[in-house]
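Lettering follows sequence order; numbering is per chain, from 1.
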Amino acid sequence: MIPVLLIFIPLLAGVLTFFFRSEKAVRSWSLGISFVTMAVAVIGVTIFDEGSPLLTVNTPWLQTLGSSFFVRLDGLGKILTLLTAISFPVIFTSTWSTPYKRSNNFYALMLLGQAGLMGVFVAADALLFYFFWELALIPMYFIASIWGGEKRIRVTFKFFIYTFIGSVLMLIGILYLQSKTANHSFSIQAFNNLQLSLKEQSWLFWLFFIAFAIKMPIFPLHTWQPDTYEQSPTAATMVLSGVMVKMGLLGIIRWVMPVMPAAFHSWGDVAMSLSVIGIVYASLIAMRQDDLKRLIAFSSIAHIGLMNMALFSENISGVQGAILQMFNHGINIIGLWAIVEIIERKTGTRKMSELGGLAQKAPAMAVFFVVIALANIALPLTNSFPGEFLMFNSLLTAHTTRLYALLFTVFAGLGIILGAVYTLNMIRKTFYGETNTVTAGVTDLSLNEKIALSAVVILVIVIGVYPQLLLDITNNFSEMIANKDMFRKA
Amino acid sequence: MGGEQDIRNMGGLSKKLKTTYWTFLIGCIAIAGIPPLSGFFSKDAILMNAFANSKLLFSIAMFTAMLTAFYMFRLLFITFIGKFRGTQEQERHLHDSPAAMTIPLVILAILSIFGGFIGVPEVLKGNNLIGKFLLPVIPPAQHVHSLSHSEEIMWMVISTALMLGIIVAAWFIFRNYKRKDGTGFGKLLENKWYVDELYDKVIVQPLYRFGDFLKNVIDNKVVDGLVNGVGRAVNYGSRQLRLLQSGQVGAYVLMMIIGMIFIFVLQFFIRK
């Protein structure tokens, strides 16, 4: 029941939002709905155990095709639906004062996007997964192309084509897998029970991996991302980077690791190489960015690359670390975007060379920003630290099964150092130094912004101090993925 | 001092910043290792153990202890003795810190006077409380050559005399300090051995240039260029293919036949 509610509350509310007239009503309604969704998600995650019938729904849907409406909340789904459910109230609260033309359409599309994301995270039927994958993508495409920046048409067109190519490749893979199952079913159990040859697995692996790698994104399929993040309205950027990139990682964990374990293992070195190149490459580029949005976009590429590497190290701490970090990355980057949005609204610029001295004018904003930025570097006691620790642990353990794991670890570690370089530089250039004509008139945060950012900072510290809260939720799931499925070589 | 941190712009502050001066003086004496202040006992314990194990380590430790005494008193004299070298504006506003800072200073100063008595060594009839306290964690060193008590006392006297000598030397060199830029070795030291510059040249700048190269050339031109190139190729291809749709029925029939033949041939090959 819970996963159905998580999908249909935002879906129906989103459709209704199109008919709203008053802007104020739209905002309050959307925020209210996002709180309801969050309450449902928190109940679903905390109260019910994995086997509970309330967390699984399986009803016939397109029976002739072998597809059913099969959704369930497992450990991974719980973490990601929780992330989605927490993100939207934070996004709506922190951008409360941002004006939008035809705001009813904007908020309606945001809620539809949330419904799509929830669907992706709980779908246990491949066709349903594909359906929600597109449902999540299309509202974001419209938001970016209608409410985006100057170059929005060109950029969002590229974004759409890019991700759509990935989706189509994945669809081919899904259809092939369905044709191979005993009773032509799309359900995840049927996929998991398939026994495929290594050759079949290999090209299926690439069909899926390219789709997911575009979404994450993995080098060299990343060029849509900085442009899209830069041009989208910040609320959409928050959804894209905080939640949507996790679709790619979820795809790897749920649809690739257990279904094509042999190819997953044998192509792991290539995937890891691409990830590690991406980490160093994106970090070096981030170091030379002047635009705050582009800097954070490249920083995100580096962080996602590390999560992907951890998955390919094929052990439980890699899976646990990556899932934990998926949640943390979402929280942190939404916090960073929120502050970038506030800075841009107050000063009219995102260029670090034009900013400076904001800490004198907006001390509360500076405190929030520094805490979240330090979480971005994974300082101990911030939420990213346990995640990063688990992931590096997994990379170091992987050297027994992977020839180059040690080398990869060294370069991934270099990415962490570069991460500190560009993040601290960003703090210094934006918040310290002397004020100038652009920053002299800046005022501090308003109440709604303080509330949203406090929520982020509380999560940063609580999870940093006690990550077991989240690790316990995913423990069974990760163990199942790491032990039962991954080492089942064809 | 209004944000000033450069001691070359200070001097003679002892008259105006009395509490700061006295607590700083006590700190300097303690850190130089003059008995009976706290620094003496800790320094002495380290030096004696070094002496017992390696004469070389002992000499290095002794030398750096002397350097410490020298630079601490240099700092003290340049800052608090002599004439004020800052602006008149700064001179008028000189005053001690508020109580929130002077009270901790006084507490720390008292501790650095008496703190050493928790670790008085046996040779001075002390009971070495700190040693006993740490015993469960750090077992007593197994001396290869233990020092006799007379040797130990001799070294205490020598090191104290050396420190006092260094302090007197610093007094003569720095009591009338005048600002001048360093030359030769002094300049090398003033610039911290140029380590920052070395890092900048060898690591920071090349990395920045490499980052710029990746950003401007590789990412914008090569990777994104390839992506956009695919898009352009598709556009170009469809513009060319569009020409086939000419409206001439004859051409359509021709193409239809070519297509059918192609499919037949394909089927022939696939059947095999």
Peer 1: Can you confirm whether B:L207 sits close enough to A:V421 that some side-chain heavy atom of one is under 4.5 Å from a side-chain heavy atom of the other?
Peer 2: no
Peer 1: Would you say that more than 12 heavy atoms from the other residues, nucleotides or ligands in this model lie under 6.0 Å from the CZ of A:F142, or not?
Peer 2: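 Count not over threshold, so no.
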Peer 1: Just give me the residue among B:V222, B:V223, B:V230 that pairs up with chain A most often, heavy atom to heavy atom, under 4.5 Å.
Peer 2: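 Top option by heavy-atom pairs under 4.5 Å: B:V223.
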Peer 1: Determine which donor-acceptor pairs between chain B and chain A fall under 3.5 Å and list them with their distances.
Peer 2:
unit_1, atom_1, unit_2, atom_2, d
B:Y208, O, A:R288, NE, 3.4
B:D212, OD1, A:R288, NE, 3.0
B:D212, OD2, A:R288, NE, 3.3
B:D212, OD2, A:R288, NH2, 3.1
B:K215, NZ, A:R288, O, 3.2
B:D219, N, A:Y281, OH, 3.3
B:D219, OD1, A:H222, NE2, 2.6
B:D219, OD1, A:Y281, OH, 2.6
B:D224, OD1, A:K158, NZ, 2.5
B:D224, OD1, A:T223, OG1, 3.0
B:D224, OD2, A:K158, NZ, 3.1
B:N228, OD1, A:K158, NZ, 3.4

Peer 1: Please say whether more than 12 non-hydrogen atoms of neighbouring residues, nucleotides or ligands are located less than 6.0 Å from CD1 in B:I81.
Peer 2: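 More than 12 heavy atoms, drawn from other residues, nucleotides or ligands, come within 6.0 Å of this atom.
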Peer 1: Taking side chain as everything from C-beta outward and backbone as N, CA, C, O, which of these in A:I161 sits under 4.5 Å from a heavy atom of chain B? Side chain, backbone, both or neither.
Peer 2: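 No part of A:I161 comes within 4.5 Å of chain B.
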Peer 1: Can you establish whether the number of heavy atoms outside B:M101 located under 6.0 Å from its atom CE is more than 12?
Peer 2: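 No, CE of B:M101 has 12 or fewer neighbouring heavy atoms, counting only those of other groups under 6.0 Å.
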Peer 1: What part of B:I218 is in contact with chain A, defined as an atom under 4.5 angstrom from a non-hydrogen atom: side chain, backbone, both or neither?
Peer 2: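 Its backbone and side chain both get close to chain A.
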